[in-house]
Asks: 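First, the structure itself, so that you have it in front of you.
Throughout, protein chains are lettered first and strands after them, A, B, ... in sequence-line order, and every chain is numbered starting at 1.
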Amino acid sequence: MAKELTPRSEDYSQWYNDLVIKADLAENSAVRGCMVIKPYGYAIWEKMQHELDRMFKETGHVNAYFPLFIPKSFLSKEADHVEGFAKECAVVTHYRLKNNPDGSGVVVDPEAKLEEELIVRPTSETIIWNTYKNWIQSYRDLPILCNQWANVVRWEMRTRLFLRTAEFLWQEGHTAHETYEEAEAEAQKMLNVYSEFAENFLAIPVVKGVKSETERFAGAVDTYTIEALMQDGKALQSGTSHFLGQNFAKAFDVQFQTREGKLDYVWASSWGVSTRLMGALIMTHSDDNGLVLPPNVAPIQVVIIPIAAKKMTAEMNEKIDAIINKIKALGISVKYDSTDSKTPGWKFNEYEMKGVPVRLAIGPRDFENGTVEVARRDTLEKMNVPMEGIEEYIQNLLAEIQKNIYQKAANFRDSMIRKVDNYEDFKTEIEKGGFILAHWDGTAETEARIKEETKATIRCIPFASYVGDDKEAGVDMLSGKPSKCRALFARAY
RNA sequence: CGAGGUGUAGCGCAGUCCGGUUAGCGCAUCUGGUUUGGGACCAGAGGGUCGGGGGUUCGAAUCCCUUCACCUCGACCA
(Lines give C-alpha, C1' and ligand atoms only; values in the text may rest on other atoms or scores of the structure.)
Protein backbone atom coordinates (compact mmCIF):
# COMPACT_ATOMS: atom_id res chain seq x y z
CA MET A 1 0.00 0.00 0.00
CA ALA A 2 2.19 2.77 1.30
CA LYS A 3 5.38 2.67 -0.67
CA GLU A 4 5.20 1.83 -4.34
CA LEU A 5 7.80 2.99 -6.79
CA THR A 6 6.90 4.26 -10.22
CA PRO A 7 8.22 1.45 -12.48
CA ARG A 8 11.34 2.28 -14.48
CA SER A 9 9.61 1.43 -17.72
CA GLU A 10 6.88 3.96 -17.06
CA ASP A 11 9.00 6.96 -16.07
CA TYR A 12 12.67 6.43 -15.28
CA SER A 13 13.15 9.90 -13.92
CA GLN A 14 10.18 9.61 -11.59
CA TRP A 15 11.40 6.17 -10.50
CA TYR A 16 14.72 7.72 -9.49
CA ASN A 17 13.07 10.52 -7.51
CA ASP A 18 10.69 8.11 -5.78
CA LEU A 19 13.51 5.79 -4.89
CA VAL A 20 15.73 8.45 -3.34
CA ILE A 21 12.84 9.53 -1.12
CA LYS A 22 11.42 6.11 -0.28
CA ALA A 23 14.75 4.46 0.44
CA ASP A 24 15.33 7.32 2.87
CA LEU A 25 18.51 8.55 1.18
CA ALA A 26 17.84 12.27 0.84
CA GLU A 27 15.14 14.89 0.51
CA ASN A 28 14.77 18.44 -0.74
CA SER A 29 15.42 21.08 1.86
CA ALA A 30 13.96 24.48 2.57
CA VAL A 31 16.87 25.94 0.59
CA ARG A 32 16.47 26.07 -3.17
CA GLY A 33 18.51 23.41 -4.91
CA CYS A 34 20.05 22.09 -1.71
CA MET A 35 19.30 18.64 -0.33
CA VAL A 36 19.27 17.09 3.08
CA ILE A 37 21.20 13.84 3.01
CA LYS A 38 19.41 11.57 5.45
CA PRO A 39 21.19 9.19 7.83
CA TYR A 40 20.81 6.12 5.64
CA GLY A 41 22.04 7.95 2.53
CA TYR A 42 24.86 9.53 4.48
CA ALA A 43 25.93 6.13 5.80
CA ILE A 44 26.49 5.03 2.21
CA TRP A 45 28.45 8.20 1.45
CA GLU A 46 30.56 7.56 4.56
CA LYS A 47 31.44 4.09 3.31
CA MET A 48 32.50 5.58 -0.02
CA GLN A 49 34.54 8.24 1.75
CA HIS A 50 36.20 5.72 3.96
CA GLU A 51 37.33 3.53 1.08
CA LEU A 52 38.44 6.44 -1.11
CA ASP A 53 40.31 8.02 1.75
CA ARG A 54 42.12 4.75 2.32
CA MET A 55 43.03 4.56 -1.36
CA PHE A 56 44.29 8.15 -1.42
CA LYS A 57 46.48 7.57 1.59
CA GLU A 58 47.78 4.34 0.15
CA THR A 59 48.91 6.31 -2.91
CA GLY A 60 50.78 8.84 -0.76
CA HIS A 61 48.24 11.60 -0.30
CA VAL A 62 47.41 13.57 2.84
CA ASN A 63 44.32 15.49 3.86
CA ALA A 64 44.16 19.23 4.52
CA TYR A 65 41.49 21.88 4.64
CA PHE A 66 41.20 25.19 2.81
CA PRO A 67 38.66 28.02 3.25
CA LEU A 68 35.08 27.95 2.04
CA PHE A 69 35.41 31.56 0.83
CA ILE A 70 37.53 32.76 -2.02
CA PRO A 71 38.33 36.44 -2.64
CA LYS A 72 36.73 37.48 -5.89
CA SER A 73 40.02 38.61 -7.39
CA PHE A 74 41.48 35.08 -7.10
CA LEU A 75 38.90 33.67 -9.43
CA SER A 76 39.78 35.99 -12.26
CA LYS A 77 43.47 35.12 -12.31
CA GLU A 78 43.12 32.12 -14.58
CA ALA A 79 41.17 33.26 -17.65
CA ASP A 80 39.55 29.97 -18.69
CA HIS A 81 38.78 29.08 -15.09
CA VAL A 82 36.73 32.21 -14.41
CA GLU A 83 35.01 31.78 -17.75
CA GLY A 84 33.91 28.30 -16.71
CA PHE A 85 32.60 29.08 -13.25
CA ALA A 86 31.55 32.75 -13.20
CA LYS A 87 27.94 32.07 -14.16
CA GLU A 88 27.23 29.80 -11.22
CA CYS A 89 28.85 31.42 -8.21
CA ALA A 90 27.25 32.37 -4.91
CA VAL A 91 28.70 35.67 -3.68
CA VAL A 92 29.02 37.02 -0.15
CA THR A 93 28.71 40.80 -0.17
CA HIS A 94 27.99 41.75 3.46
CA TYR A 95 28.98 40.56 6.90
CA ARG A 96 26.16 41.79 9.15
CA LEU A 97 22.40 41.88 9.55
CA LYS A 98 20.33 44.30 11.57
CA ASN A 99 16.75 44.60 12.76
CA ASN A 100 14.52 46.16 10.17
CA PRO A 101 13.38 49.57 11.51
CA ASP A 102 9.80 48.70 10.49
CA GLY A 103 9.91 45.68 12.78
CA SER A 104 9.49 43.09 10.02
CA GLY A 105 12.55 41.02 10.91
CA VAL A 106 16.17 41.34 9.89
CA VAL A 107 17.70 43.02 6.86
CA VAL A 108 21.22 43.20 5.46
CA ASP A 109 23.04 46.10 7.04
CA PRO A 110 24.12 48.31 4.12
CA GLU A 111 26.92 49.69 6.31
CA ALA A 112 28.48 46.24 6.45
CA LYS A 113 29.51 45.88 2.83
CA LEU A 114 32.69 43.90 2.22
CA GLU A 115 35.62 45.69 0.60
CA GLU A 116 36.10 42.70 -1.65
CA GLU A 117 33.30 40.22 -2.20
CA LEU A 118 33.88 36.60 -1.27
CA ILE A 119 32.91 33.75 -3.53
CA VAL A 120 31.63 30.53 -2.01
CA ARG A 121 34.02 28.02 -3.56
CA PRO A 122 32.77 26.24 -6.67
CA THR A 123 36.14 24.39 -6.58
CA SER A 124 39.34 25.28 -4.77
CA GLU A 125 42.14 25.52 -7.34
CA THR A 126 42.51 29.28 -6.86
CA ILE A 127 42.67 29.46 -3.07
CA ILE A 128 44.92 26.41 -2.99
CA TRP A 129 47.39 27.69 -5.58
CA ASN A 130 47.48 31.02 -3.82
CA THR A 131 48.45 29.04 -0.71
CA TYR A 132 50.91 26.74 -2.48
CA LYS A 133 52.85 29.81 -3.56
CA ASN A 134 53.96 30.15 0.06
CA TRP A 135 54.71 26.46 0.47
CA ILE A 136 56.96 26.01 -2.53
CA GLN A 137 60.42 27.44 -3.08
CA SER A 138 62.52 24.56 -4.29
CA TYR A 139 62.22 21.18 -5.96
CA ARG A 140 62.82 19.82 -2.47
CA ASP A 141 59.34 21.07 -1.50
CA LEU A 142 57.76 18.94 -4.21
CA PRO A 143 55.65 17.02 -4.78
CA ILE A 144 52.72 18.25 -2.71
CA LEU A 145 49.97 15.66 -2.64
CA CYS A 146 46.96 17.12 -0.82
CA ASN A 147 43.36 16.15 -0.74
CA GLN A 148 40.45 17.85 0.97
CA TRP A 149 36.98 16.64 1.86
CA ALA A 150 34.65 19.58 1.47
CA ASN A 151 31.41 21.05 0.29
CA VAL A 152 31.24 23.29 -2.77
CA VAL A 153 28.52 25.44 -4.28
CA ARG A 154 27.58 25.79 -7.91
CA TRP A 155 24.41 27.76 -8.50
CA GLU A 156 22.79 25.47 -11.03
CA MET A 157 19.63 26.43 -12.87
CA ARG A 158 18.00 23.09 -12.35
CA THR A 159 18.82 20.58 -9.67
CA ARG A 160 18.15 16.91 -8.96
CA LEU A 161 18.83 14.99 -5.78
CA PHE A 162 22.46 13.77 -5.78
CA LEU A 163 22.90 14.24 -9.54
CA ARG A 164 23.04 18.00 -9.48
CA THR A 165 22.55 20.06 -6.35
CA ALA A 166 23.53 23.65 -5.66
CA GLU A 167 25.67 22.52 -2.76
CA PHE A 168 27.37 19.15 -2.90
CA LEU A 169 29.94 17.16 -0.98
CA TRP A 170 33.10 15.96 -2.64
CA GLN A 171 36.79 15.47 -2.30
CA GLU A 172 39.27 17.45 -4.34
CA GLY A 173 42.89 16.47 -4.71
CA HIS A 174 45.40 19.17 -5.64
CA THR A 175 48.93 18.17 -6.41
CA ALA A 176 52.10 20.08 -7.32
CA HIS A 177 55.03 18.57 -9.19
CA GLU A 178 58.47 19.27 -10.62
CA THR A 179 57.83 18.01 -14.12
CA TYR A 180 55.27 17.72 -16.82
CA GLU A 181 55.62 13.94 -16.81
CA GLU A 182 55.13 13.59 -13.09
CA ALA A 183 51.98 15.74 -12.96
CA GLU A 184 50.55 14.01 -15.99
CA ALA A 185 51.27 10.60 -14.44
CA GLU A 186 49.57 11.71 -11.22
CA ALA A 187 46.42 12.67 -13.11
CA GLN A 188 46.41 9.27 -14.79
CA LYS A 189 47.11 7.46 -11.54
CA MET A 190 44.16 9.07 -9.80
CA LEU A 191 41.88 8.30 -12.69
CA ASN A 192 42.85 4.68 -12.16
CA VAL A 193 42.12 4.97 -8.46
CA TYR A 194 38.66 6.23 -9.37
CA SER A 195 37.98 3.50 -11.89
CA GLU A 196 39.13 0.79 -9.49
CA PHE A 197 36.95 2.28 -6.80
CA ALA A 198 33.93 2.49 -9.10
CA GLU A 199 34.32 -1.03 -10.44
CA ASN A 200 35.53 -3.00 -7.42
CA PHE A 201 33.75 -1.17 -4.67
CA LEU A 202 30.63 0.31 -6.21
CA ALA A 203 30.33 -2.42 -8.87
CA ILE A 204 29.89 0.27 -11.52
CA PRO A 205 31.68 -0.49 -14.79
CA VAL A 206 33.24 2.64 -16.29
CA VAL A 207 34.90 3.75 -19.50
CA LYS A 208 38.15 5.63 -18.93
CA GLY A 209 39.17 8.25 -21.41
CA VAL A 210 40.12 11.82 -22.20
CA LYS A 211 37.64 14.66 -22.67
CA SER A 212 37.36 16.72 -25.83
CA GLU A 213 38.48 20.35 -25.59
CA THR A 214 34.88 21.53 -25.25
CA GLU A 215 34.15 19.26 -22.31
CA ARG A 216 37.46 19.89 -20.57
CA PHE A 217 37.67 21.38 -17.06
CA ALA A 218 38.03 25.16 -17.10
CA GLY A 219 41.77 25.78 -16.76
CA ALA A 220 43.00 22.25 -17.52
CA VAL A 221 45.35 21.08 -20.25
CA ASP A 222 43.65 17.68 -20.27
CA THR A 223 40.69 16.23 -18.43
CA TYR A 224 40.43 12.50 -17.87
CA THR A 225 37.11 10.97 -16.96
CA ILE A 226 35.31 7.83 -15.92
CA GLU A 227 31.97 7.50 -17.69
CA ALA A 228 29.26 5.17 -16.42
CA LEU A 229 26.09 4.08 -18.19
CA MET A 230 22.77 4.27 -16.41
CA GLN A 231 19.92 1.80 -16.97
CA ASP A 232 17.99 4.27 -19.11
CA GLY A 233 20.89 4.43 -21.55
CA LYS A 234 22.19 7.83 -20.48
CA ALA A 235 25.81 8.39 -19.52
CA LEU A 236 26.90 9.82 -16.20
CA GLN A 237 30.30 11.43 -15.71
CA SER A 238 31.33 9.88 -12.43
CA GLY A 239 34.75 11.27 -11.69
CA THR A 240 37.35 13.47 -13.32
CA SER A 241 41.07 13.98 -13.04
CA HIS A 242 42.80 16.97 -14.60
CA PHE A 243 46.30 17.62 -15.83
CA LEU A 244 46.56 21.36 -15.26
CA GLY A 245 49.98 21.93 -16.83
CA GLN A 246 51.49 25.16 -15.50
CA ASN A 247 48.28 27.16 -15.89
CA PHE A 248 47.57 27.72 -12.21
CA ALA A 249 51.23 28.07 -11.26
CA LYS A 250 51.51 30.88 -13.82
CA ALA A 251 48.25 32.50 -12.72
CA PHE A 252 49.39 32.51 -9.07
CA ASP A 253 53.09 32.89 -9.76
CA VAL A 254 54.22 29.68 -8.15
CA GLN A 255 57.82 29.10 -9.20
CA PHE A 256 60.45 26.80 -7.78
CA GLN A 257 64.18 26.36 -8.05
CA THR A 258 64.93 23.30 -10.16
CA ARG A 259 67.64 20.71 -9.62
CA GLU A 260 69.64 22.63 -12.21
CA GLY A 261 69.29 25.86 -10.22
CA LYS A 262 66.90 27.50 -12.66
CA LEU A 263 63.42 28.89 -11.97
CA ASP A 264 60.39 27.08 -13.36
CA TYR A 265 56.65 27.07 -12.85
CA VAL A 266 55.17 24.17 -10.90
CA TRP A 267 53.18 21.46 -12.72
CA ALA A 268 49.78 20.55 -11.35
CA SER A 269 46.94 18.09 -11.24
CA SER A 270 43.53 18.12 -9.59
CA TRP A 271 40.90 15.42 -9.28
CA GLY A 272 37.53 14.93 -7.66
CA VAL A 273 34.48 12.78 -7.12
CA SER A 274 31.29 13.94 -5.48
CA THR A 275 28.00 12.85 -3.95
CA ARG A 276 26.96 12.45 -7.56
CA LEU A 277 28.42 8.95 -7.17
CA MET A 278 25.36 8.24 -5.05
CA GLY A 279 23.25 8.92 -8.11
CA ALA A 280 25.43 6.62 -10.20
CA LEU A 281 25.17 3.89 -7.61
CA ILE A 282 21.39 4.14 -7.44
CA MET A 283 20.79 4.28 -11.18
CA THR A 284 23.21 1.53 -12.10
CA HIS A 285 21.88 -1.28 -9.93
CA SER A 286 18.44 -0.61 -8.52
CA ASP A 287 15.14 -2.10 -9.68
CA ASP A 288 11.39 -1.58 -9.36
CA ASN A 289 11.44 -2.96 -5.82
CA GLY A 290 13.91 -0.33 -4.68
CA LEU A 291 17.58 0.17 -4.09
CA VAL A 292 20.10 -2.58 -4.84
CA LEU A 293 23.37 -2.06 -3.02
CA PRO A 294 26.64 -3.89 -3.61
CA PRO A 295 27.60 -5.46 -0.26
CA ASN A 296 30.77 -3.32 -0.10
CA VAL A 297 28.81 -0.07 0.31
CA ALA A 298 25.75 -1.38 2.11
CA PRO A 299 25.47 0.16 5.61
CA ILE A 300 23.51 -2.94 6.59
CA GLN A 301 24.76 -6.07 4.83
CA VAL A 302 22.47 -8.57 6.48
CA VAL A 303 19.09 -8.01 8.07
CA ILE A 304 17.50 -10.66 10.26
CA ILE A 305 13.74 -10.69 10.60
CA PRO A 306 12.12 -12.90 13.23
CA ILE A 307 8.73 -14.42 12.46
CA ALA A 308 6.30 -14.35 15.37
CA ALA A 309 8.96 -12.89 17.64
CA LYS A 310 6.69 -12.82 20.68
CA LYS A 311 6.31 -16.58 20.58
CA MET A 312 10.04 -17.21 20.65
CA THR A 313 11.35 -19.13 23.62
CA ALA A 314 14.46 -18.08 25.50
CA GLU A 315 16.28 -20.95 23.84
CA MET A 316 15.28 -19.75 20.38
CA ASN A 317 16.42 -16.19 21.15
CA GLU A 318 19.76 -17.55 22.28
CA LYS A 319 20.18 -19.35 18.99
CA ILE A 320 19.44 -16.15 17.09
CA ASP A 321 21.92 -14.21 19.22
CA ALA A 322 24.53 -16.85 18.50
CA ILE A 323 23.96 -16.51 14.76
CA ILE A 324 24.22 -12.70 14.96
CA ASN A 325 27.48 -12.93 16.86
CA LYS A 326 29.01 -15.37 14.43
CA ILE A 327 28.10 -13.13 11.50
CA LYS A 328 29.50 -10.07 13.24
CA ALA A 329 32.69 -11.93 14.04
CA LEU A 330 33.33 -12.15 10.30
CA GLY A 331 33.19 -8.34 10.02
CA ILE A 332 29.74 -8.34 8.44
CA SER A 333 27.30 -5.63 9.49
CA VAL A 334 24.03 -7.12 10.62
CA LYS A 335 20.76 -5.67 11.86
CA TYR A 336 18.27 -7.68 13.89
CA ASP A 337 14.84 -6.12 13.45
CA SER A 338 12.58 -7.49 16.15
CA THR A 339 10.24 -4.51 16.39
CA ASP A 340 6.74 -5.88 16.76
CA SER A 341 4.96 -2.81 15.44
CA LYS A 342 5.56 -3.99 11.85
CA THR A 343 4.70 -7.31 10.29
CA PRO A 344 7.36 -9.47 8.63
CA GLY A 345 5.82 -8.71 5.24
CA TRP A 346 6.20 -5.00 5.80
CA LYS A 347 9.82 -5.47 6.80
CA PHE A 348 10.58 -7.63 3.75
CA ASN A 349 9.45 -4.79 1.52
CA GLU A 350 11.14 -2.11 3.56
CA TYR A 351 14.58 -3.70 3.48
CA GLU A 352 14.21 -4.46 -0.21
CA MET A 353 13.49 -0.76 -0.73
CA LYS A 354 16.66 0.02 1.18
CA GLY A 355 18.77 -2.40 -0.80
CA VAL A 356 20.02 -4.61 2.02
CA PRO A 357 21.91 -7.38 0.15
CA VAL A 358 20.94 -10.36 2.30
CA ARG A 359 17.86 -11.01 4.39
CA LEU A 360 17.38 -13.82 6.85
CA ALA A 361 13.98 -14.83 8.15
CA ILE A 362 13.84 -17.07 11.20
CA GLY A 363 10.60 -18.46 12.55
CA PRO A 364 9.01 -21.51 14.14
CA ARG A 365 9.32 -23.53 10.92
CA ASP A 366 13.07 -22.93 10.84
CA PHE A 367 13.61 -24.04 14.40
CA GLU A 368 11.80 -27.27 13.59
CA ASN A 369 13.95 -27.89 10.50
CA GLY A 370 17.20 -26.39 11.71
CA THR A 371 17.22 -23.97 8.76
CA VAL A 372 17.11 -20.28 7.98
CA GLU A 373 15.38 -18.63 5.03
CA VAL A 374 17.96 -16.61 3.09
CA ALA A 375 16.84 -14.07 0.48
CA ARG A 376 19.26 -12.21 -1.77
CA ARG A 377 18.38 -8.72 -2.94
CA ASP A 378 20.10 -8.82 -6.33
CA THR A 379 18.16 -11.80 -7.71
CA LEU A 380 15.27 -11.84 -5.20
CA GLU A 381 15.85 -15.60 -4.79
CA LYS A 382 14.97 -17.34 -1.54
CA MET A 383 16.72 -20.43 -0.20
CA ASN A 384 16.47 -22.57 2.91
CA VAL A 385 19.94 -22.97 4.37
CA PRO A 386 21.04 -25.02 7.40
CA MET A 387 21.43 -22.92 10.53
CA GLU A 388 24.75 -24.60 11.21
CA GLY A 389 27.52 -22.71 9.42
CA ILE A 390 25.17 -20.02 8.20
CA GLU A 391 27.83 -17.35 8.77
CA GLU A 392 30.19 -18.80 6.19
CA TYR A 393 27.35 -19.27 3.77
CA ILE A 394 26.52 -15.57 4.12
CA GLN A 395 30.11 -14.50 3.77
CA ASN A 396 30.37 -16.34 0.47
CA LEU A 397 26.99 -15.11 -0.64
CA LEU A 398 27.97 -11.48 -0.07
CA ALA A 399 31.03 -11.93 -2.24
CA GLU A 400 28.92 -13.64 -4.87
CA ILE A 401 26.39 -10.80 -4.83
CA GLN A 402 29.10 -8.16 -5.18
CA LYS A 403 30.43 -10.01 -8.22
CA ASN A 404 27.03 -10.64 -9.71
CA ILE A 405 25.91 -7.03 -9.43
CA TYR A 406 29.04 -5.88 -11.23
CA GLN A 407 28.69 -8.52 -13.92
CA LYS A 408 25.10 -7.64 -14.58
CA ALA A 409 25.97 -3.95 -14.99
CA ALA A 410 28.99 -4.78 -17.14
CA ASN A 411 26.92 -7.00 -19.44
CA PHE A 412 24.37 -4.25 -19.86
CA ARG A 413 27.04 -1.64 -20.52
CA ASP A 414 28.79 -3.85 -23.07
CA SER A 415 25.52 -4.59 -24.85
CA MET A 416 24.97 -0.84 -25.15
CA ILE A 417 28.35 0.04 -26.72
CA ARG A 418 28.26 -0.08 -30.48
CA LYS A 419 30.01 1.23 -33.53
CA VAL A 420 28.35 3.54 -36.04
CA ASP A 421 29.82 4.70 -39.35
CA ASN A 422 27.39 7.19 -40.80
CA TYR A 423 25.41 10.06 -39.41
CA GLU A 424 21.98 8.73 -40.36
CA ASP A 425 22.61 5.54 -38.39
CA PHE A 426 23.99 7.64 -35.57
CA LYS A 427 20.75 9.61 -35.29
CA THR A 428 18.74 6.38 -35.17
CA GLU A 429 21.06 4.64 -32.73
CA ILE A 430 21.37 7.52 -30.31
CA GLU A 431 17.61 7.37 -29.76
CA LYS A 432 18.06 3.87 -28.37
CA GLY A 433 20.46 5.13 -25.71
CA GLY A 434 23.84 3.77 -24.74
CA PHE A 435 27.37 4.51 -25.91
CA ILE A 436 28.18 4.96 -29.58
CA LEU A 437 31.68 4.81 -30.97
CA ALA A 438 32.00 6.92 -34.08
CA HIS A 439 34.72 8.72 -35.99
CA TRP A 440 35.14 12.41 -35.21
CA ASP A 441 37.35 14.90 -36.96
CA GLY A 442 38.48 16.49 -33.71
CA THR A 443 36.88 19.90 -34.32
CA ALA A 444 34.64 21.73 -31.89
CA GLU A 445 32.38 22.71 -34.81
CA THR A 446 31.46 19.12 -35.63
CA GLU A 447 31.03 18.30 -31.97
CA ALA A 448 28.71 21.26 -31.47
CA ARG A 449 26.62 20.39 -34.50
CA ILE A 450 26.16 16.81 -33.33
CA LYS A 451 25.13 18.05 -29.90
CA GLU A 452 22.72 20.56 -31.40
CA GLU A 453 21.09 18.02 -33.69
CA THR A 454 21.07 14.88 -31.51
CA LYS A 455 21.66 16.07 -27.91
CA ALA A 456 24.57 13.62 -27.82
CA THR A 457 27.93 14.74 -26.48
CA ILE A 458 31.38 13.27 -26.68
CA ARG A 459 31.80 11.58 -23.33
CA CYS A 460 35.46 10.84 -23.98
CA ILE A 461 38.04 9.39 -26.30
CA PRO A 462 38.39 5.99 -24.59
CA PHE A 463 41.83 4.70 -23.62
CA ALA A 464 40.90 1.06 -24.17
CA SER A 465 39.46 -0.53 -27.26
CA TYR A 466 35.84 -1.71 -27.14
CA VAL A 467 34.82 -2.76 -30.64
CA GLY A 468 37.99 -4.06 -32.24
CA ASP A 469 39.05 -1.41 -34.71
CA ASP A 470 38.03 1.67 -32.77
CA LYS A 471 41.62 2.84 -32.41
CA GLU A 472 42.15 2.82 -36.18
CA ALA A 473 41.92 5.94 -38.32
CA GLY A 474 38.83 6.64 -40.40
CA VAL A 475 36.67 9.49 -41.60
CA ASP A 476 34.32 11.68 -39.58
CA MET A 477 30.73 10.50 -39.96
CA LEU A 478 29.48 14.04 -40.42
CA SER A 479 32.21 16.16 -42.06
CA GLY A 480 33.97 13.37 -43.97
CA LYS A 481 37.29 14.75 -42.75
CA PRO A 482 40.00 12.36 -41.53
CA SER A 483 39.68 10.99 -37.99
CA LYS A 484 42.47 9.47 -35.90
CA CYS A 485 40.20 7.22 -33.86
CA ARG A 486 36.66 6.84 -32.62
CA ALA A 487 35.09 8.97 -29.90
CA LEU A 488 32.49 7.74 -27.42
CA PHE A 489 29.16 9.53 -27.80
CA ALA A 490 26.08 9.44 -25.56
CA ARG A 491 23.31 11.50 -24.17
CA ALA A 492 24.30 12.36 -20.66
CA TYR A 493 23.06 13.56 -17.31
C1' C B 1 15.39 32.79 -18.00
C1' G B 2 11.35 30.17 -21.33
C1' A B 3 6.84 26.61 -21.05
C1' G B 4 3.56 24.05 -17.99
C1' G B 5 1.81 22.73 -13.08
C1' U B 6 1.04 22.66 -7.65
C1' G B 7 0.43 24.99 -2.64
C1' U B 8 -5.78 22.41 2.17
C1' A B 9 -3.35 17.65 8.99
C1' G B 10 3.36 14.63 9.22
C1' C B 11 2.66 12.49 3.89
C1' G B 12 -0.72 11.82 -0.41
C1' C B 13 -5.17 14.02 -2.02
C1' A B 14 -10.81 15.63 -2.54
C1' G B 15 -13.52 20.09 -2.04
C1' U B 16 -12.49 25.70 -5.63
C1' C B 17 -15.75 25.91 -11.79
C1' C B 18 -21.30 27.31 -9.26
C1' G B 19 -19.38 31.39 -1.96
C1' G B 20 -23.49 29.12 2.86
C1' U B 21 -23.89 24.22 9.22
C1' U B 22 -18.49 22.36 13.08
C1' A B 23 -13.35 21.79 6.05
C1' G B 24 -13.38 15.96 4.47
C1' C B 25 -10.87 11.13 2.87
C1' G B 26 -6.61 7.55 2.72
C1' C B 27 -1.90 6.57 4.88
C1' A B 28 0.99 7.71 9.10
C1' U B 29 0.79 8.84 14.61
C1' C B 30 -1.02 7.70 19.88
C1' U B 31 -3.93 4.03 23.49
C1' G B 32 -5.65 -0.94 24.26
C1' G B 33 -6.19 -5.82 22.37
C1' U B 34 -5.69 -9.76 18.75
C1' U B 35 -1.93 -10.98 15.13
C1' U B 36 3.02 -12.23 12.63
C1' G B 37 6.45 -17.11 6.46
C1' G B 38 5.32 -10.81 1.31
C1' G B 39 3.21 -3.95 2.88
C1' A B 40 -2.39 -7.30 9.29
C1' C B 41 -7.19 -6.57 11.98
C1' C B 42 -10.74 -4.51 15.68
C1' A B 43 -12.02 -0.50 18.98
C1' G B 44 -10.96 4.36 20.45
C1' A B 45 -8.11 9.18 20.23
C1' G B 46 -5.18 13.40 18.79
C1' G B 47 -3.77 16.49 14.87
C1' G B 48 -5.77 22.49 10.29
C1' U B 49 -2.91 30.47 10.31
C1' C B 50 -6.88 26.03 3.61
C1' G B 51 1.25 29.25 1.19
C1' G B 52 1.40 34.96 2.69
C1' G B 53 -0.85 39.95 2.25
C1' G B 54 -4.91 42.91 0.62
C1' G B 55 -9.95 43.35 -1.32
C1' U B 56 -15.40 42.11 -2.58
C1' U B 57 -19.46 40.07 0.57
C1' C B 58 -24.13 39.40 5.84
C1' G B 59 -20.68 35.22 4.93
C1' A B 60 -14.44 33.27 1.36
C1' A B 61 -10.45 27.18 0.93
C1' U B 62 -14.00 28.79 -3.04
C1' C B 63 -14.55 35.28 -6.40
C1' C B 64 -10.82 39.58 -7.50
C1' C B 65 -5.81 41.84 -6.94
C1' U B 66 -0.95 41.03 -5.31
C1' U B 67 3.07 38.29 -3.55
C1' C B 68 6.04 34.01 -2.11
C1' A B 69 7.51 29.07 -2.53
C1' C B 70 8.06 24.43 -4.70
C1' C B 71 7.77 20.64 -8.72
C1' U B 72 8.22 18.83 -13.94
C1' C B 73 10.15 19.84 -18.83
C1' G B 74 13.83 22.97 -21.82
C1' A B 75 18.69 26.26 -22.20
C1' C B 76 23.61 25.81 -18.49
C1' C B 77 26.55 22.21 -15.77
C1' A B 78 30.16 17.44 -11.60
Asks: Can we say A:Glu350 and A:Arg359 salt-bridge, meaning some charged N sits less than 4.0 Å from an Asp/Glu carboxylate O?
Replies: no
Asks: Write down the distance separating the C1' atoms in B:C77 and B:A61, rounded off to the nearest Å.
Replies: 41 Å
Asks: Less than 4.0 angstrom between a side-chain N/O of A:Lys311 and OP1 or OP2 of B:U36, yes or no?
Replies: yes
Asks: Would you mind checking if A:Arg491 and A:Glu431 are paired as a salt bridge, meaning a charged N to carboxylate O distance below 4.0 Å?
Replies: yes
Asks: Under 3.5 Å for both donor-acceptor distances, Watson-Crick or wobble: does B:C27 have a partner, and if so which one?
Replies: B:G10
Asks: Looking at A:Lys310 and A:Asp340, is any side-chain nitrogen of the basic one under 4.0 Å from a carboxylate oxygen of the acidic one?
Replies: yes
Asks: Given that A:Thr165 and A:Glu352 both sit by RNA chain B, which one's nearest nucleotide is further toward the 5' end?
Replies: A:Glu352
Asks: Looking only at atom C1', what distance separates B:G47 and B:A23, rounded to whole Å?
Replies: 14 Å
Asks: A:Arg54 vs A:Glu51, test: salt bridge (charged side-chain N to carboxylate O under 4.0 Å, His left out). Steps then yes/no.
Replies: CA-CA 5 Å; A:Arg54 189 192 64 74; A:Glu51 175 65 7; 2.9 Å; yes
Asks: Report all interatomic pairs (protein N or O, nucleotide N or O of nucleotides 71-77 of chain B) with separations under 3.5 Å.
Replies:
from	atom 1	to	atom 2	distance (Å)
B:C73	OP1	A:Ser13	OG	3.2
B:C73	OP2	A:Arg158	NH2	2.3
B:G74	OP2	A:Arg158	NH1	3.4
B:C77	O2'	A:Glu156	OE2	3.1
B:C77	O2	A:Arg164	NE	2.1
B:C77	O2	A:Arg164	NH2	3.0
B:C77	N3	A:Arg164	NE	3.1
B:C77	N3	A:Arg164	NH2	2.5

Asks: List every contact pair, protein side and nucleotides 5-10 of chain B side both N or O, where the distance is under 3.5 Å.
Replies:
none

Asks: To the nearest 0.5 Å, tell me how far A:Cys146 SG sits from A:Phe56 CZ.
Replies: 12.5 Å
Asks: Would the base of B:G37 count as contacting A:Lys347 through its side chain, where contact means a donor and an acceptor less than 3.5 Å apart?
Replies: no
Asks: Looking at A:Asp18 and A:Arg8, is any side-chain nitrogen of the basic one under 4.0 Å from a carboxylate oxygen of the acidic one?
Replies: no
Asks: If we take the C1' atom in both B:C11 and B:U6, what is their distance in whole Å?
Replies: 15 Å
